[in-house]
Protein chains: 2
Amino acid sequence: MPHRHDHSEAIRTVAELLPKDELLCDLGDLFKLFGDTTRIKILYSLFESELCVCAIAELLKMEQSAISHQLKILKDAKLVGCRRDGRTNVYFLADDHVRTIIGQGFEHLMEDEK
Amino acid sequence: MPHRHDHSEAIRTVAELLPKDELLCDLGDLFKLFGDTTRIKILYSLFESELCVCAIAELLKMEQSAISHQLKILKDAKLVGCRRDGRTNVYFLADDHVRTIIGQGFEHLMEDEK
DNA sequence: GTATCATATGAACAGAGATTCATATGAAAG
DNA sequence: CTTTCATATGAATCTCTGTTCATATGATAC
């Protein structure tokens with residue numbers, strides 16, 4: 001028992017309502033995907049239209065390799081999809097939740113400005 | 001010019017619609033807050049009721065110091081608020097956006113299960 | 001086939017961030 | 001005013017992660 005004062009009641013109540021550890025981890029992992037500027041920029045770019053790797057690299061003024069690495073992460077998480085087109089790889093948003101989640105973050109920031 | 005094939009049109013279009021760098025960074029920083037399991041757990045705990053530091057530490061079975069450090073980060077970001085109560089510090093959700101954003105993440109995970 | 005373009009990938013490096021340990025602060029009880 | 005409890009904080013450590021560099025793959029054009 002680390003401390004003396006009693007809050008066991010509150011703890012019990014909250015503990016029962018807390019989701020499983022695994023789910024909370026998955027939730028953290030999901031938000032981690034949005035927690036990087038490069039990935040946010042990539043996702044935001046794909047809001048408008050599908051794009052090939054080198055277009056994104058040019059747009060963000062970053063190296064092709066860096067973009068490719070991040071696209072792999074987004075693809076593994078199934079936030080983006082990929083399609084071959086000649087010798088280029090075209091990426092696109094795989095899920096409309098991406099728009100919603102980023103939109104929510106956006107709204108939060110906007111209200112903070114006030 | 002890093003590559004030969006032309007996509008300058010797509011780049012121009014997207015570039016115009018892309019928010020400022022600073023905003024995209026802020027967005028990334030916001031999501032970074034949710035991208036850690038400990039912080040997710042803390043926020044989730046505060047969904048139910050306000051809690052003092054040692055209650056959270058006990059609940060999550062983590063050291064008081066670790067919780068305190070994370071609470072500082074959440075407080076600096078104004079996601080949680082803090083109130084003195086005798087010699088304990090009581091923390092609470094400062095913003096209902098937190099519920100919305102985490103809720104969206106939750107929904108995304110649930111749909112993925114299918 | 002060979003050369004070239006677009007992308008992927010692995011290793012190495014560097015920076016950020018989370019936890020722990022030790023200690024400081026601050027309030028209340030005696 | 002001293003002691004104890006609750007929390008905060010700084011430094012150190014260790015882990016994770018993003019970028020770069022070099023290279024591999026894969027497809028097209030010649």
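In what follows, chains are A, B, ... by sequence order, proteins preceding strands, each numbered from 1. As the structure is a prediction and not an experimental result, all values here were calculated from the model. In what follows, every heavy atom counts, from backbone to side chain, and hydrogens, waters and symmetry copies are set aside.
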Worksheet entry | Side chain to side chain, A:R83 and A:N89, heavy atoms closer than 4.5 Å | no
Item to complete: Could you name each residue pair satisfying ring-ring contact (aromatic ring centres under 6.0 Å, His included) that touches residues 50-80 of chain B, not counting sequence neighbours?
Response: none
Worksheet item: Expressed in angstrom and rounded to an integer, what is the separation of A:I40 atom CD1 from D:dT17 atom P?
Response: 17 Å
Worksheet item: Is the shortest heavy-atom distance from the side chain of A:I42 to the side chain of A:L74 under 4.5 Å?
Response: yes
Worksheet item: How would you list, by chain and number, every residue that makes a salt bridge (Lys or Arg N to Asp or Glu O under 4.0 Å) with A:K75, sequence neighbours excluded?
Response: none
Item to complete: Would you list the pairs meeting ring-ring contact (aromatic ring centres under 6.0 Å, His included) in which at least one residue belongs to residues 76-104 of chain A, sequence neighbours left out?
Response: A:H97-B:H108
Worksheet item: Hey, are the side chains of A:C54 and A:T88 touching, using non-hydrogen atoms and a 4.5 Å cut-off?
Response: no
Worksheet entry | A:L33 CG - D:dC16 P separation (whole Å) | 17 Å
Response to the item:
When rounded to whole Å, the NZ to P distance for the pair A:K72 and D:dT17 reads 15 Å
Item to complete: State whether the side chain of B:R39 and the backbone N or O of B:K32 hold a donor-acceptor pair below 3.5 Å, judged by distance alone.
Response: yes
Worksheet item: If you find the nucleotide of DNA chain D closest to B:L71 and the one closest to A:D29, which residue's nucleotide is nearer the 5' end?
Response: B:L71
Discussion item. Taking A:K41 first and then B:D21, would you say they form a salt bridge - that is, a charged N and a carboxylate O separated by under 4.0 Å?
Written reply: yes
Worksheet item: Per the end-axis method with five pairs at each terminus, what is the bend angle of the helix from C:dG1-D:dC30 to C:dG30-D:dC1, to 10°?
Response: 20°
Item to complete: Please work out if B:I73 contacts a base, only the sugar-phosphate, or nothing of the nucleic acid, heavy-atom cut-off 4.0 Å.
Response: sugar-phosphate
Response to the item:
Given protein heavy atoms under 4.0 Å, the one-letter contact record of nucleotides 19-30 of chain C, with B base, S sugar-phosphate only and - none, is simply SBBB----SS--
Practice prompt. Rounded off to whole Å, could you give me the CZ-to-C1' distance for the A:R83 and D:dA27 pair?
Written response: 16 Å
Worksheet entry | For atom CG of B:D76 and atom C1' of C:dG17, their distance in whole Å | 15 Å
Item to complete: May I ask you to say what A:K75 touches in the nucleic acid, namely base, sugar-phosphate or nothing, with a heavy-atom cut-off under 4.0 Å?
Response: nothing
Worksheet item: What residues, two or more places apart in sequence or in another chain, satisfy ring-ring contact (aromatic ring centres under 6.0 Å, His included) together with A:F47?
Response: A:Y44
Discussion item. Using a heavy-atom cut-off of 4.0 Å across all strands, would you classify A:S68 as base, sugar-phosphate, or nothing?
Written reply: base
